[in-house]
Colleague: 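Sharing a structure, written as C-alpha cells. Questions coming.
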Amino acid sequence: MSRESGARDALGELRRTHAAAEITASLVGSEVVLAGWVHKRRDHGGVIFVDLRDRGELVQVVFRPDASQEAHARAGELRSEYVLLVRGVVERRSAETVNPKLTTGEVEVEVTELRLLNAATPPPFPIEEETDADESVRLRHRLHDLRRPPLQRAMRLRHALYQSVRGVLAERGFLEIETPMLAKSTPEGARDFLVPSRLHPGSFYALPQSPQIMKQMLMIAGFDRYFQIVRCFRDEDLRADRQPEFTQIDLEMAFVGIEEVLEVLEEVMVRGFREAAGIEIERNFRRIPHAEAMARYGSDRPDTRIQLELVDLTESFRGSAFRAFRAAVDGGGIVKCLPIHDAQDLSRGDIDRLEGFVKKELGARGLAWIRVNEDAEWQSPIVKFFSDEERVAVAEKTGARPGSLLFFQADQASRANGVLSRLRTDLGQKLGRVDGREWDVLFVVDFPLFERADDGSLTYAHQPFVAPLEEDLQLLDEAPERVRGTHYDVVVNGVELGSGSLRNHRSDVQRRILEVLGYAKADAESRFGFLLNALDAGAPPHGGFAFGYDRWAMVLAGLDSLRDVIAFPKTQRGQDLLMDAPGEVESAQLDELALRIVRPPSEKS
RNA sequence: GGGGCGGUAGUUCAAUUGGUUAGAGCACCGGCCUGUCACGCCGGAAGUUGCGGGUUCGAGUCCCGUCCGCCCCGCCA
C-alpha cells in the first residue's frame, strides 16, 4: 500500500493538521491545515474573512490577495456550509481586532491555499448556539441541527458517559455481552414492536423491551457479572422524556444481596457524573422509603430540593359532614393538602387557573383551597362545611398562618397524590421554594411487591420477577399486598433514572408470585415456562439494575427533552422526519412475509 | 383514545371588524467594499397562508373535517 496515493483523493496532498479549537497563540507563525465548514463569510472586497467551523468550534481564516491571489479570488465564491480545506499561517491579531467571544479569537489563519471540498445548499436556519427554529424544522434538518454547539456537546457528553460506564464496570469484572434484538414477545409490560419472520410466515419476533430475562439467563449460564449498554424498544406513546427506542445501562450480578448492587450503581453514577460532566455527587445516596416519598411528596420520584411538602388529612375527615371529602374517604381514597406559606404572590386568578389546569389536564375533580388572610381569617369556598374540630386539625397539621395558601385533593390516592405532586413541583419552582442544591440524587427503597389495580386485583408494582424480602416470603400466602419487594429506584432531580432489584432465583417462589398475579398454572407455564425451567437449571441468587442512559445524559446536560441528547430522535408521533420513517414498503416485501395490510374502516377511501 | 397550544416566504414573525396587490427582520441572489466577527451600503427575487370542504359579493381571518409539530392525561412492568 503506497503512502503516495494522496493526490488521488479529494483532499489532494493536504491533510488536516489541527482542529479549529487548537489554533491558539502558541501556534503563531506555524503553518497549519484546517478542515471544516464555512460558518460565516464576511467579504470586504479586498479582504475576506471566513469563520471556519469544525466540531462546533470556530476559527477565523483570512483571505488576502497578497497571500494568495487565487485563494482570495475563489473565497468570494464561498457560501455558508461549504466544505473547505485550507492551508495557512497562524497569525496574532492586532489588539483592536482580537475577538474575545472566540476561544481562538487572539489569532487567525492567513490562507495560502484553499481547496473547496464541497458546495452546500443554504442552511435552513443559522447554525448557532441558540436557535428559535421550530422543532419540526430542526428535526427535518437534523444534520444542520446536529452541527449546533449544544448538540455537539450533548453527543460528546454521551460519548464520555459510555467510556466512563465501560471503564467502571470493566474494572469491576463485568463482562459486556450482547443479547438479541430479534427476541420473543412476552405478555407483560409495554406493547411490543413486532418484526415479521420470513422463514416462519405468520410468526413474529419482538424487539426487546429490555434484556431483563436474557440477563437472568446469563446469570444462570454462569456469567456472574454482566452488563450491556443496550437499545430497548417500547411501542407506547411518547413524551419529552420518553422515546420508543432508548438506551439502558443493563447490569446483573450473581451471588449478591441488594447492598452490593446499590454499591455498584452508586459507583457507576458517581464516576459518570465526574468523568462525563465534572460534577461531584456525594455518597452514600440518601434513601427514602417508598411510603415516605408518597406521603411527603406524593410521588415515587420526588425532587427533594423543592421545599414544599404534602400533609395527610384523611383521618381528620373520616366521617366528615363535608360530603366531597367524606365521599373520598368512604371510597377508600385520601384527603391531602399542599400548604404553601407566605403565598401572597398567588392571586385569586392564579388559583382559578390552577384549578382549571388540574381539572383539565390531570383529571382532578376540583381544587379546594383555603387562604389565610393577614388578619388570620380563612377565605375559602369550602371552609364553611368544616366542623370546629376539622378546622383545628387542618390548622395544626398544615401549620397554617397568615399568608398561607392550602390546596386540597380528596380522591383516590393515586390521583390525589398525582395532582398535588404536580402542583408541588410547578409552584415550588415558580415561587423559588428550592434549597439551592444543584443535584438531588436519591434511592427510593422499600417498594411493595404488589399493588392494587383499578379493578381491585393485585398486579406487580414493577415487574413480575422482583424477589420479595426473604422475611416476607410467608406473607405471600397470608397477605400478599403486605409483601415487600427488593426493588429500588434511582431518582435524580425528580427524574427516575433507573431501577433494580433482586430477582427470583427459585422457581417455586416465582411460580407462587405468578399465581398471586392471577396467572393460571398452565398459563404461567406457557408464557414463562422457559424462565421457570431455566431457574430449575441451577439459578444462583442474582440481581441488578437497568438505568436510563438517555435520561441520564439529558439530566447531566441540563436539558429537558430526550430529543436533544439522541442523534436521530423520533417525533411525538414516532416519526423520523429526516429519514421519513416509518414508511410504506413494496408489496413484494409484504408478500415474502405473508402479510397483507388491512386498513381500519375509518381510513378507507 | 382524550385535553391544550401552534402551523402565513428558506426561517422567525406581522397582517384592525371578513375588504386594495399578504408585509417586516434574518437568510438567499446580484453589485460595491482591505479589518470584519450581528460587517456595511445599493438593488433584487422569494407565498398552494398545512390540506380539503363550507358560509360570503369577498376568507390568512368565520364554520366543519383532516394532517403535522410541541406539552400533558391515559398508556409506558
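In what follows, chains carry the letters A, B, and so on, assigned in the order in which the sequence lines appear, proteins first and then strands, with residues in each chain numbered from 1. Only a predicted model underlies this, so the values are computations on that prediction, with no experimental measurement involved.
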Colleague: Determine, using ring centers only, whether A:Trp37 and A:Tyr82 are less than 6.0 Å apart.
Modeller: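 Between A:Trp37 and A:Tyr82, which both carry aromatic rings, the centre distance is not below 6.0 Å.
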Colleague: How close or far is atom C1' of B:C37 from atom CG of A:Asp43, stated in whole angstroms?
Modeller: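 From A:Asp43 CG to B:C37 C1': 14 Å.
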Colleague: Say you pick atom C1' in B:A9 and the same atom in B:U49; how far apart are they, in whole Å?
Modeller: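 Their C1' atoms lie roughly 10 Å apart.
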Colleague: Tell me every residue that passes ring pair (Phe, Tyr, Trp, His ring centres under 6.0 Å) with A:Phe408, counting only those two or more places apart in sequence or in another chain.
Modeller: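 By the ring pair (Phe, Tyr, Trp, His ring centres under 6.0 Å) rule, A:Phe408 matches A:Phe325.
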Colleague: Taking A:Leu194's backbone N and O only, do any of them form a donor-acceptor pair with A:Asp192's side chain (distance below 3.5 Å, no angle check)?
Modeller: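 Between the backbone of A:Leu194 and the side chain of A:Asp192 there is no qualifying donor-acceptor contact (under 3.5 Å).
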Colleague: Closest-nucleotide mapping onto RNA chain B: is A:Ser136 or A:Gly363 further toward the 5' terminus? I mean the 5' end.
Modeller: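 The residue mapped nearer the 5' terminus is A:Ser136.
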Colleague: Give one of base, sugar-phosphate or nothing for A:Asn99, where a contact means two heavy atoms less than 4.0 Å apart.
Modeller: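 Base, at least one base atom sits under 4.0 Å.
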Colleague: So, does the side chain of A:Arg415 form a donor-acceptor pair with the base of B:C73 at under 3.5 Å?
Modeller: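 By the distance-only test, no, there is no pair.
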Colleague: Donor-acceptor pair, distance only, cut-off 3.5 Å: does the side chain of A:Thr486 make one with the backbone of A:Ala467?
Modeller: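 Yes, A:Thr486 side chain to A:Ala467 backbone: donor-acceptor pair under 3.5 Å.
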Colleague: Taking the C1' atom of each, how far is B:A46 from B:G65, in whole Å?
Modeller: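 Going atom to atom, C1' in each nucleotide, I get 32 Å.
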Colleague: Among residues two or more places apart or on two chains, list those pairs meeting ring pair (Phe, Tyr, Trp, His ring centres under 6.0 Å) that have a residue in residues 125-152 of chain A.
Modeller: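 Counting only pairs at least two positions apart or across chains, no ring pair (Phe, Tyr, Trp, His ring centres under 6.0 Å) contact touches residues 125-152 of chain A.
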Colleague: Between B:U36 and A:Phe49, is there a base-stacking contact, meaning the centre of the base's six-membered ring lies under 5.5 Å from the residue's ring centre while the planes stay under 30° apart?
Modeller: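 A:Phe49 vs B:U36: stacking yes.
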Colleague: Check nucleotides 22-29 of chain B for protein N or O atoms closer than 3.5 Å to its own N or O atoms and list the pairs.
Modeller:
from: B:C29; atom 1: OP1; to: A:Arg79; atom 2: NE; distance (Å): 2.9

Colleague: Determine the contact category for A:Thr121: base if any of its heavy atoms lies under 4.0 Å from a base atom, sugar-phosphate if only primed atoms, P, OP1 or OP2 are that close, otherwise nothing.
Modeller: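 Counting heavy atoms under 4.0 Å across all strands, no contact is made by A:Thr121.
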Colleague: Give me the distance, rounded to whole Å, that separates B:G18 from B:C63 when you measure between the C1' atoms they each carry.
Modeller: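 Roughly 13 Å separates the two C1' atoms.
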Colleague: With distance as the sole criterion, do the side chain of A:Arg138 and the base of B:C70 form a donor-acceptor contact below 3.5 Å?
Modeller: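 Flag unset: no donor-acceptor pair detected.
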Colleague: Between A:Arg234 (side chain only) and A:Gln209 (backbone N and O only), is there a donor and an acceptor less than 3.5 Å apart?
Modeller: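 Judged by distance alone, yes, a pair lies under 3.5 Å.
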Colleague: What is the separation between atom CG on A:Leu238 and atom C1' on B:C73, rounded to the nearest whole Å?
Modeller: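 Spelled out: CG on A:Leu238 to C1' on B:C73 is 15 Å.
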Colleague: Round to a whole Å and report the spacing from NE2 of A:His44 to C1' of B:C41.
Modeller: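 The answer, rounded to whole Å, is 12 Å.
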Colleague: Using the C1' atom on both, measure B:G25 against B:U16 and round to a whole Å.
Modeller: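 Between the two C1' atoms, the distance is 22 Å.
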Colleague: Could you go through A:Ile213 and A:Phe530, starting from their C-alpha distance and side-chain angles, then the distance that decides it, and tell me whether this counts as side-chain contact (heavy atoms from CB on, under 4.5 Å)?
Modeller: CA-CA 10 Å; A:Ile213 293 177; A:Phe530 63 105; 3.6 Å; yes
Colleague: In this structure, how many angstroms lie between the P atom of B:C73 and the CG atom of A:Leu362, rounded?
Modeller: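 It is 7 Å, rounded to the nearest whole Å.
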Colleague: Which whole-number value in Å describes the distance from A:Arg42 CZ to B:A38 C1'?
Modeller: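 After rounding, the reported distance stands at 10 Å.
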Colleague: Identify the pairs formed between an N or O of the protein and an N or O of nucleotides 4-8 of chain B at a distance under 3.5 Å, and give each distance.
Modeller:
none

Colleague: Taking only residues two or more places apart in sequence or in another chain, which ones pass side-chain contact (heavy atoms from CB on, under 4.5 Å) with A:Arg87?
Modeller: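 A:Leu14, A:Glu31, A:Val33, A:Thr112, A:Glu113.
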Colleague: In this structure, how many angstroms lie between the C1' atom of B:C73 and the CG atom of A:Asp411, rounded?
Modeller: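 In whole Å, B:C73 C1' lies 14 Å from A:Asp411 CG.
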Colleague: Can you tell me, in whole Å, how much space there is between the C1' of B:C28 and that of B:U12?
Modeller: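 To the nearest whole Å, 15 Å.
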Colleague: Decide yes or no, distance alone: a donor-acceptor N/O pair under 3.5 angstrom between the base of B:C76 and the side-chain of A:Arg242.
Modeller: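 Per atom types, the contact qualifies.
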Colleague: Below the 4.0 Å mark, does B:C70 have OP1 or OP2 next to a side-chain nitrogen or oxygen of A:Arg239?
Modeller: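 No, outside the criterion.
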Colleague: Taking RNA chain B as the partner, which of residues 567-576 of chain A come within under 4.0 angstrom of it by heavy atom?
Modeller: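 Within this stretch, A:Thr571, A:Gln572, A:Arg573, A:Gln575 sit under 4.0 Å of the strand.
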